> 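Here it is, the structure in full.
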Amino acid sequence: MEDYVTMNSGDGPKSYTMNSKIQKEGSDQARWLLSTSIQENLELQNTSRVFSIADLGWHKEEQSWKYPNSMSFSMTMSPTISTRCLRPFHQGKNYMAAGVPGSFHSRLFPKASMNVMHSSFAIQWFSKVPGEVTREDSPAWNKGRVTYALSSCQVVKAFANQLFKDMEAFFRARSVELATGGLTVVLMPCRPEGTHPSESGIHFLECLGNALMDMAKEGLVDEALVDSFNLPVFLPTPSEVKEVVSRNEHLDIVTLDEMHQPPPQLSTPEGVRLWTIHIRAGLEGFLSKHFGSSVIDELFERYCQKLEEFSKTPHFTRVFEFKNLLLLAKRNGVC
Ligand SMILES: C[S@@+](CC[C@H](N)C(=O)[O-])C[C@H]1O[C@@H](n2cnc3c(N)ncnc32)[C@H](O)[C@@H]1O
């Protein structure tokens, strides 16, 4: 994994494990379609060989028994593997598990060695922040903001291009690693078809930018640090993802589905507080590296207030639609 993208570790109250309910709901919701699509589309060239699955963008600190999202994928896969390989699937008896270091934007496994490669809630992260959004002399300089939610079209374009470039690299690597008939499965947050990039849940993250700018004005953080900080995330539409995958001649899309994700409950202070902890579990490591850990408690106190204010604005209802995208693409026989 990329070192800079680390979720909070352990299983304490601020950990990712204890605060990934939204991802778990998304995984649970996708399970039926995922399972059906795998059953219908997976082809094994040689059932006597080892069956290889990878989960890319696994939360590295966790043990699988504690970790609900990747577990739900293994559970989904288990009956399929048993049916296809005609042998039962028992942890510790006939399967082996291992962690592989490295970024999923490049090759991780030998050529044609994998049958299924899954990734949930991970490939919306870029390999790096695009340089032009942090350079003062650039037309895409994203001064005082941490996302593209309220930024110029140059900034939006820079974020979008970085995601598409990274996704292209992700699918290129998978298409080499997959055996013919194997599947790559991606579950990721997206924005509704036909909407502008700024019309999405990304606004929830811009509340962090507002909190940081307030802190800069009060001298609690250096404004130049805020100007040089951006969250490397972009939410694409399903057709944008389709366009990227379609450019890969080795992959055929077999499922592309936009699913509604139950939105967070922000109508009560308790709901706002829980969402704040959820966001903190995902971003604290990343923010600490840039701003130092001493500002984190204050930053999330302010984030909570900004979110509460935002949840009362008319704009809030327009961006309050959470969607996930489930994509399955099959490795064809093109060499
Ligand atoms: C929001 S978490 C999702 C974790 C888990 N897959 C789930 O569904 O809950 C995103 C994960 O993607 C990993 N990640 C982000 N960029 C990555 C990269 N380039 N290579 C490998 N892992 C990456 C992060 O380290 C993190 O564990």
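Counting starts at 1 for both ligands and their atoms, following the listed order. These numbers come from a predicted model, not from an experiment. As a basis for the values below, the full set of heavy atoms in this structure was taken, side chains included, without hydrogen atoms, waters or symmetry mates.
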> Could you check whether Y303 and F310 have their ring centres less than 6.0 Å apart?
no
> Is the shortest N/O to N/O distance between L56 and ligand 1 below 3.5 Å?
no
> Under a 4.0 Å heavy-atom limit, does S120 contact ligand 1 with its side chain, its backbone, both, or neither?
both
> Check whether S288 reaches the backbone of S293 with its side chain - one donor and one acceptor, N or O, closer than 3.5 Å.
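No; judged by distance alone, with no hydrogens or angles, the pair does not exist.
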> Less than 4.0 Å between a side-chain N and a carboxylate O, is that true for K242 and E193?
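The answer is no: the pair does not qualify as a salt bridge.
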> Is it true that R302 and E218 make a salt bridge, defined as a side-chain N closer than 4.0 Å to a carboxylate O?
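Yes.
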> So for ligand 1, is Y16 a polar contact partner (N or O within less than 3.5 Å, distance only)?
yes
> Can you find an N/O atom of F104 closer than 3.5 Å to an N/O atom of ligand 1?
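So ligand 1 has an N or O lying under 3.5 Å from an N or O of F104.
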> Would you call D252 and R331 a salt bridge, using N to O less than 4.0 angstrom?
no
> Going by the order shown, which atoms of ligand 1 are within less than 4.0 Å of some heavy atom of H105?
19 (N)
> Give the contacting part of K24 toward ligand 1: side chain, backbone, both or neither, where contact means a heavy-atom distance below 4.0 Å.
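Answer for K24: neither.
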> If the cut-off is 4.0 Å to any non-hydrogen atom of S103, which atoms of ligand 1 fall inside it?
18 (C), 19 (N), 20 (N)
> So, are R191 and E240 salt-bridged, with charged N and O less than 4.0 Å apart?
yes
> With heavy atoms of F121 as the reference, note each atom of ligand 1 found under 4.0 Å away.
1 (C), 2 (S), 3 (C), 8 (O), 10 (C)
